[in-house]
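Accompanying notes for the structure given below.
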Amino acid sequence: MSDLKPITGQTKLFGIFGHPVAHTLSPFMHNAAFDAVGLPYRYVPFEVPPDRLEGAVKGILPLGIRGVNVTIPHKEAILPFLDQVDEEAKMIGAVNTVEVISGRLIGHNTDGRGFLESLFEMKVALSGKRVILLGAGGAARAVAAVLAQQSIAEMVIVARTAARGKALADRLAAISPGLKVSLRGADWSSPLPADPDRSTLLINTTPLGMKQEDPLPFPIHLIDSRWSVADLIYRPAETALLAAAKRAGSQVIPGLGMLLHQGVLAFEIWTGQKAPLSVMRQALQNALSFQDFRSH
Ligand code: NAP
């Protein structure tokens with residue numbers, strides 16, 4: 001862990017609203033980034049229970065807080081408390097970054113583009129791809145909304161709760177009317193549609209894989225060596241799904257990339273400066289190995 005510059009009378013505050021928030025890695029990457037570019041800013045976690053969200057948001061301006069991230073369970077609930085929400089956050093239906101401009105609170109969502117950046121960084125080509133999206137929750141919505149605007153061939157949504165899957169499919173139809181979207185349950189007794197080009201991007205957006213005892217979110221014998229397999233989970237850094245995909249010879253995209261790039265985009269919104277990418281990546285990797293060390 002690096003030593004941070006001292007807090008002084010000039011220090012400005014940023015943070016993250018969540019519940020629970022104790023395990024967030026965002027302070028590590030943002031504080032390292034502020035120090036690296038010489039900004040007198042600090043980023044702290046705020047434990048905000050749902051019934052305190054409105055009060056916490058109302059406190060942003062009087063306390064002089066310059067910007068916040070928003071995480072579980074507040075990404076949708078915060079919408080009515082903001083002065084403005086940008087087009088991307090409206091399209092996703094959730095906010096993960098709040099910017100303060102001239103006394104107004106502006107909502108953004110950098111999750112989807114953060115995921116996209118993590119794919120681009122790994123040189124995953126999206127054109128003509130079939131995307132299999134496991135899960136239909138908040139993160140799935142952000143990821144699916146930005147992917148629907150790329151030149152993918154089709155999206156298969158795999159949802160345990162049919163109503164949630166249908167709501168996501170309807171949202172995608174509105175965002176990208178020409179996109180072929182199909183919906184299926186999370187039981188794998190019926191076969192997957194054929195994939196003659198073997199050009200599939202499989203994305204796990206469920207929490208299955210966070211715990212060692214979790215079942216796999218997808219029947220791994222179906223994974224082909226020409227697939228790309230992404231997992232949004234970043235702790236553990238390599239889930240059982242990614243380990244299996246690697247064994248099958250597929251390209252794998254770990255969740256840390258999305259966490260990093262959504263943070264990079266938030267930093268750039270708040271500061272108007274280019275984010276120090278390698279500093280932020282290193283800070284996240286250090287924080288993860290530090291936490292792994294402490295939990296053993
Ligand atoms: P969420 O809104 O609760 O959605 C979770 C989705 O997974 C829902 O569709 C849920 O189905 C499904 N699901 C949960 N347990 C399941 C199970 N046992 N079998 C099948 N489906 C199951 O959560 P979220 O905010 O989208 O987060 C999902 C994951 O993404 C978490 O692991 C989170 O840490 C990760 N994430 C990572 C990043 C990053 O930067 N890398 C960013 C955001 C989220 P139901 O609707 O039936 O409950």
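We count ligands from 1, going down the list as the structure has it; atoms in each ligand are counted the same way.
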Handout entry: Test item: Asn69 and Thr24 side chains (from C-beta on) under 4.5 Å apart, heavy atoms
Key = no

Practice task
Kindly assign one of parallel, tilted or perpendicular to the pair Phe34 and Trp270, based on the angle between their ring planes and the thresholds 30° and 60°.
Solution key: tilted

Completion exercise
Sorted by chain and residue number, the residues having a heavy atom closer than 4.0 Å to an atom of ligand 1 are Ile72, Gly135, Ala136, Gly137, Gly138, Ala139, Arg160, Thr161, Arg164, Thr205, Thr206, Pro207, Leu208, Met210, Leu232, Ile233, Tyr234, Gly255, Met258, Leu259

Problem - Cationic N near anionic O, under 4.0 Å, Lys58 to Glu54 - result: yes

Practice task
Under the side-chain hydrogen bond (donor to acceptor under 3.5 Å, both in side chains) rule, what do Thr239 and Asp231 come out as? Steps first, then yes or no, please.
Solution key: CA-CA 8 Å; Thr239 58; Asp231 204 323; 2.7 Å; yes

Exercise for the section: Not counting sequence neighbours, which residues clear ring pair (Phe, Tyr, Trp, His ring centres under 6.0 Å) with His108? List them please. Expected result: none

Handout entry: Heavy-atom side-chain proximity of Arg160 to Thr206 below 4.5 angstrom
Key = no

